[in-house]
Amino acid sequence: MSNNQEWYDDDEDFGYEDDSTDLVKKLRRAARANEKRAKELEAELQTLRSEQRKSTVKSVLESKGVRPSIAKYIPEDVSTAEDIDAWLADNAEDFGIVVQNDGPRKEMTLAQLRQIDAVTADAPSPAGLDDMMLRLDQAQSAEEIENLIFGS
């Protein structure tokens with residue numbers, strides 16, 4: 001029995017008990033720091049999500065030609081552009097708004113582009129462009145450049 005008693009005494013001399021409590025304290029400190037950091041990151045994530053939603057709502061409302069003040073009536077769970085479009089379509093009549101549809105406007109623009117293309121396809125190209133560039137490069141004064149530009 002005396003052998004066992006000596007062994008226990010040796011353990012106390014080396015401070016094993018103090019090391020284990022220090023380790024526990026350090027682990028608890030690290031766990032608290034991790035919890036604090038996780039809470040900070042969650043708060044930052046919530047802020048970023050909120051800002052992203054506001055931006056998305058604003059851009060969708062502007063693209064549809066709807067007053068931005070309508071944004072306060074859009075529920076928080078409606079956050080994607082598709083959801084906002086659907087919500088606007090469902091509630092436009094309640095707010096007395098007319099939602100602009102991008103479809104016809106694109107077709108009209110395409111028709112206009114085709115008309116412009118048809119007009120410019122047979123238009124003559126500017127003759128002597130290379131000659132004009134050569135004369136601009138060889139001009140000796142600002143007066144000569146003005147004469148070339150304005151034709152005086």
Side-chain angles (χ1 to χ4, degrees), residues 1-126 129-130 132-134 136-137 139 142 145-146 148-150:
M1 229 173 160
S2 62
N3 260 350
N4 286 343
Q5 185 62 30
E6 290 174 18
W7 182 72
Y8 286 124
D9 291 338
D10 288 343
D11 284 348
E12 289 176 11
D13 291 340
F14 289 117
Y16 288 128
E17 291 178 13
D18 291 337
D19 286 345
S20 66
T21 57
D22 271 350
L23 180 62
V24 170
K25 287 179 184 177
K26 288 179 183 177
L27 288 173
R28 285 184 181 149
R29 239 182 268 134
R32 275 184 256 141
N34 284 341
E35 287 176 14
K36 181 180 176 184
R37 180 71 177 143
K39 287 179 183 177
E40 290 172 356
L41 290 174
E42 285 176 12
E44 186 176 348
L45 178 63
Q46 286 301 104
T47 303
L48 291 173
R49 282 183 178 164
S50 174
E51 291 300 316
Q52 181 185 17
R53 182 187 178 279
K54 286 179 186 176
S55 175
T56 303
V57 168
K58 181 181 176 185
S59 66
V60 170
L61 291 178
E62 286 177 355
S63 72
K64 296 292 183 181
V66 177
R67 291 188 321 264
S69 61
I70 299 292
K72 61 187 168 190
Y73 300 108
I74 299 175
E76 291 295 320
D77 62 334
V78 178
S79 58
T80 64
E82 294 81 20
D83 292 344
I84 296 167
D85 282 340
W87 186 88
L88 278 173
D90 291 343
N91 297 292
E93 189 176 308
D94 296 339
F95 289 100
I97 57 176
V98 177
V99 178
Q100 295 176 356
N101 190 357
D102 290 340
R105 193 170 72 197
K106 286 183 182 176
E107 289 175 14
M108 184 175 66
T109 304
L110 184 58
Q112 289 174 343
L113 288 174
R114 286 186 179 148
Q115 184 180 13
I116 291 170
D117 187 41
V119 169
T120 59
D122 296 329
S125 63
L129 183 62
D130 292 332
M132 180 66 81
M133 290 302 295
L134 181 62
L136 278 173
D137 288 339
I145 294 174
E146 288 177 7
L148 287 172
I149 293 173
F150 299 115

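Both backbone and side-chain heavy atoms feed into the values below; hydrogens, waters and symmetry mates do not. Throughout, residue positions are numbered sequentially from 1 according to the sequence presented. Treat the numbers as computed from the prediction; the structure is a model and nothing was measured.
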Using a 3.5 Å cut-off and no angle test, enumerate the donor-acceptor pairs between side-chain atoms of residues 67-78 and protein atoms at least two apart in sequence or in another chain.
none

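- Scored by the salt bridge (charged side-chain N to carboxylate O under 4.0 Å, His left out) test, Lys58 finds no partners at all (sequence neighbours excluded).
- Sequence neighbours left out, not one pair with a member in residues 20-46 passes ring pair (Phe, Tyr, Trp, His ring centres under 6.0 Å).
- In this structure, the side chain of Ser59 engages the main chain of Ser55 through a donor-acceptor pair within 3.5 Å.
- Each salt bridge (Lys or Arg N to Asp or Glu O under 4.0 Å) pair with one or both residues in residues 87-99, not counting sequence neighbours, would appear here, but there are none.
- Between the CD atom in Glu51 and the OG1 atom in Thr56 there is a gap of 11.0 Å [rounded to 0.5 Å].
- Under the ring pair (Phe, Tyr, Trp, His ring centres under 6.0 Å) criterion, no residue pair touches residues 26-70, with sequence neighbours excluded.
- Partners of Ala139 according to the side-chain contact (heavy atoms from CB on, under 4.5 Å) rule, which considers only residues two or more places apart in sequence or in another chain, are Glu144, Ile145.
- Thr80 meets the side-chain contact (heavy atoms from CB on, under 4.5 Å) test with Glu82, Asp83; sequence neighbours excluded.
- Taking Ala89 as the reference, nothing meets the side-chain contact (heavy atoms from CB on, under 4.5 Å) condition, with sequence neighbours excluded.
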Which donor-acceptor pairs under 3.5 Å do the side chains of residues 24-47 make with protein atoms, sequence neighbours left out?
unit_1, atom_1, unit_2, atom_2, d
Asn34, ND2, Ala30, O, 3.4
Thr47, OG1, Ala43, O, 2.9

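- For the atom pair CD (Gln52) and OG (Ser79), the distance works out to 8.0 Å, reported to the nearest 0.5 Å.
- Taken to the nearest 0.5 Å, the CG atom of Leu88 stands 5.5 Å off from the CG atom of Leu61.
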